[in-house]
Amino acid sequence: MKRRSLWVLLFVLGTFVVGQSSGNVHGTISYDPFAYTQHPLGTVWGDPLPDAPALAARGKFMVGVRTLQLFNLNQIDVINTLTSDSTIVYDRPLTVEVWYPAVLEPGQVQLTIYTDFLGRSDKPGSLRAYTFLGRATRDARPNTTDGPYPLVVVSHGYPGSRYLLAYLCENLASKGYVVASIDHTDSTYKDVGSFVSTVVNRSLDQRFVAREIVKMPIWKDLCDLNAVGIIGYSMGAFGALRTLGAGLEENDVVKRYFGRFTPMIVAKPSDEPDPLFKAAVLFAPWGGAVGASPTGVWNKESLAKINVPTLWIAGSQDDIAGYRGIVNLFESAVDSKRYLLTYLNALHNVAPHPAPSIAKEFDDYYRFADPVWDIWRINNINQHFVTAFFDYYLKRDENAKTYLEVTPTSWPGFKPRTTVGLEFLTVDPRE
């Protein structure tokens, strides 16, 4: 494509920003999903569709994005230790994408291109790159004027990538959050390895990244240490449950699959929730439907250690994590003020972005798609409820509480006739 044509495309798809003193609003161009020449519907995943609930729209901040390369020193190399008689230690590499409120300079564009992959590295010949647009500005200057902001750590499934929930990461950053999404080593499409590594490392990665971010010079003054949250999807939610204090049951299933690593992941009396994390969003957490126990591989008593607010999101026909298992985990978190959003008849894919256009094969397409639900609509609903949840529990915004006060006849923020297929349950341990 000629350079002139590329800039024409960027003008049509992006939002050019005029100079502004604080850089914390969308300039003179409003974020209007009906202004098709500026924001054509179906162009950028996460844009609010006409039937989107109120909090799906972006916030007032411009969004910057940066890629970090971190190393967690002296960690067990699970992949190589599995085939060795000794324990092998290495500096564990982690790529992290950070979205944040930003200040744009004159001429900078609120648009970027992300590169991700279909297929998986353990299936030779299947790995293929694809790109998609996002509404963020690469390496933009952080907006320090309006901070500090809550920090939210995002953890993908197995396999997955740091870009799988980019639509949600951008959306939160536009509302005044710093969002750090992890590429979990041995668990991405590009480097997928033994499932044992995923189980052992998920919570360790989450804890490490949160603490590393808040001590780095560029981020430490931007992040509010008293307002740290976590979002996990599938195995990311599995890791989040571990981070919140839960552990696995020391039974035959766990011992058979995880062998010498069993002591690292089973529940122990000394386990405590990580005090840094104040709230959690759990998309389809794995493990509740494995084995004969009602809580699967999870130790039921340890789930009672979860003492921070949690928002659980699942499909009622989830055939990967098992909806009944998810509900059993939800019911066992008896000390958490918790919410359960259910997409009726949806399968497991209640968190990822829509399928890219190159996903022509069934397996590639069904990494993202659902036979009943429009994934873009799911994304909009997720943006709404995750915003309400974190605004209330991390920002202490009393107005956000209204959107969590859902009843069978009242769904605040939803347009008429748009709650079909949704269920919302609230459980308060104090009641």
Side-chain angles (χ1 to χ4, degrees), residues 45-49 51-59 150 152-155 164-177 179 227 229-234 236-237 240 278-285 308-316 318 323 326-327 330 333 336-346 348-354 370 373-415 418-428:
W45 295 330
D47 284 353
L49 298 178
D51 61 352
L55 300 185
R58 285 168 72 105
V152 175
V153 173
V154 178
S155 185
L164 200 60
L165 278 72
Y167 72 93
L168 183 56
C169 299
E170 289 181 352
N171 190 272
L172 287 173
S174 78
K175 295 165 179 172
Y177 291 83
V179 186
I230 187 167
I231 298 172
Y233 168 47
S234 194
K278 308 303 185 190
V281 176
L282 307 166
F283 287 98
V308 298
T310 50
L311 170 61
W312 304 61
I313 302 176
S316 69
D318 189 319
Y323 181 68
I326 294 168
V327 172
F330 172 85
S336 170
K337 173 65 179 292
R338 56 202 188 276
Y339 307 86
L340 174 60
L341 171 64
T342 300
Y343 292 98
L344 297 178
N345 294 313
H348 188 62
N349 293 335
V350 293
H353 61 64
D370 184 86
W373 279 83
D374 174 6
I375 295 299
W376 199 312
R377 173 152 171 73
I378 284 181
N379 290 174
N380 281 175
I381 295 169
N382 290 343
Q383 289 163 327
H384 172 85
F385 276 113
V386 173
T387 297
F389 179 76
F390 280 143
D391 276 4
Y392 182 57
Y393 287 107
L394 295 184
K395 291 188 174 184
R396 302 299 176 183
D397 180 355
E398 286 293 326
N399 293 326
K401 184 180 181 182
T402 301
Y403 297 103
L404 299 172
E405 295 175 338
V406 175
T407 71
T409 58
S410 176
W411 288 69
F414 279 76
K415 296 177 174 64
T418 64
T419 62
V420 176
L422 296 173
E423 287 184 350
F424 195 85
L425 174 66
T426 303
V427 178
D428 191 334

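Throughout, numbering of the chain's residues begins at 1 and tracks the sequence. None of these values were measured; they are calculated from a predicted model.
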Exercise. With side chains defined as the heavy atoms from C-beta onward, is the minimum distance between L165 and F283 less than 4.5 Å?
Worked result: yes

For this session: Check Q383 against K175 and note the closest heavy-atom contact, atom names and distance.
Result: O-NZ, 4.1 Å

Exercise. Under a 4.5 Å cut-off applied to non-hydrogen side-chain atoms, are L49 and D374 in contact?
Worked result: yes

Problem set entry | Heavy-atom side-chain proximity of N379 to L168 below 4.5 angstrom | no

Problem set entry | Side chain K395, main chain A400, donor-acceptor under 3.5 Å | no

Problem set entry | Beyond-backbone contact of R377 with N380, side-chain heavy atoms, under 4.5 angstrom | no

Seminar exercise, completed: Looking only at heavy atoms, the pair that brings R338 and A333 closest together is NH1-O, 3.0 Å

Problem set entry | Under 3.5 Å donor-acceptor, T407 side chain and S410 backbone | yes

Exercise. If every non-hydrogen atom of G229 is compared with every non-hydrogen atom of F390, which pair is closest and at what distance?
Worked result: CA-CE2, 4.2 Å

Problem set entry | I313 vs Y233 side-chain heavy atoms within contact, under 4.5 Å | no

Exercise. Got a sec: does the OH of Y339 have more than 12 other heavy atoms crowding it under 6.0 Å?
Worked result: yes

For this session: Identify the two heavy atoms, one from P412 and one from H384, that lie closest to each other, and give their separation to 0.1 Å.
Result: O-NE2, 3.6 Å

Exercise. Would a 4.5 Å heavy-atom cut-off, applied to side chains only, mark V152 and L394 as touching?
Worked result: yes

For this session: For the residue pair V427 and F330, establish whether any side-chain heavy-atom pair is separated by less than 4.5 Å.
Result: yes

Problem set entry | Note, L341 side chain near I381 side chain (heavy atom, < 4.5 Å) | yes

Exercise. Roughly how far, to the nearest 0.5 Å, is CD1 of I378 from CG of D370?
Worked result: 5.5 Å

Problem set entry | Atom pair CD1/CG of I326 and L340 - distance to nearest 0.5 Å | 8.5 Å

Exercise. Nearest heavy-atom pair of V420 and W373: which atoms, and what distance?
Worked result: O-CH2, 3.9 Å

Problem set entry | NZ (K401) with more than 12 external heavy atoms under 6.0 Å | no

Exercise. What distance do F424 atom CZ and T342 atom OG1 have between them, rounded to the nearest 0.5 Å?
Worked result: 9.5 Å

Problem set entry | Validation row, ring centre F414 to ring centre F385 under 6.0 Å | yes

For this session: With Y343 as reference, evaluate D318, N349, N382 under the side-chain hydrogen bond (donor to acceptor under 3.5 Å, both in side chains) test and give the passing residue.
Result: N382

For this session: Could you please spell out the steps behind the side-chain hydrogen bond (donor to acceptor under 3.5 Å, both in side chains) verdict for Y177 and N171?
Result: CA-CA 9 Å; Y177 291 83; N171 190 272; over 6 Å; no

For this session: With rounding to the nearest 0.5 Å, note down the distance linking CG in D51 to CH2 in W376.
Result: 12.0 Å

Exercise. At their closest point, which heavy atom of F389 faces which heavy atom of A279, and how far apart are they?
Worked result: CE2-CB, 3.8 Å

Exercise. Got a second to check how far S336's OG is from D428's CG, nearest 0.5 Å?
Worked result: 9.5 Å

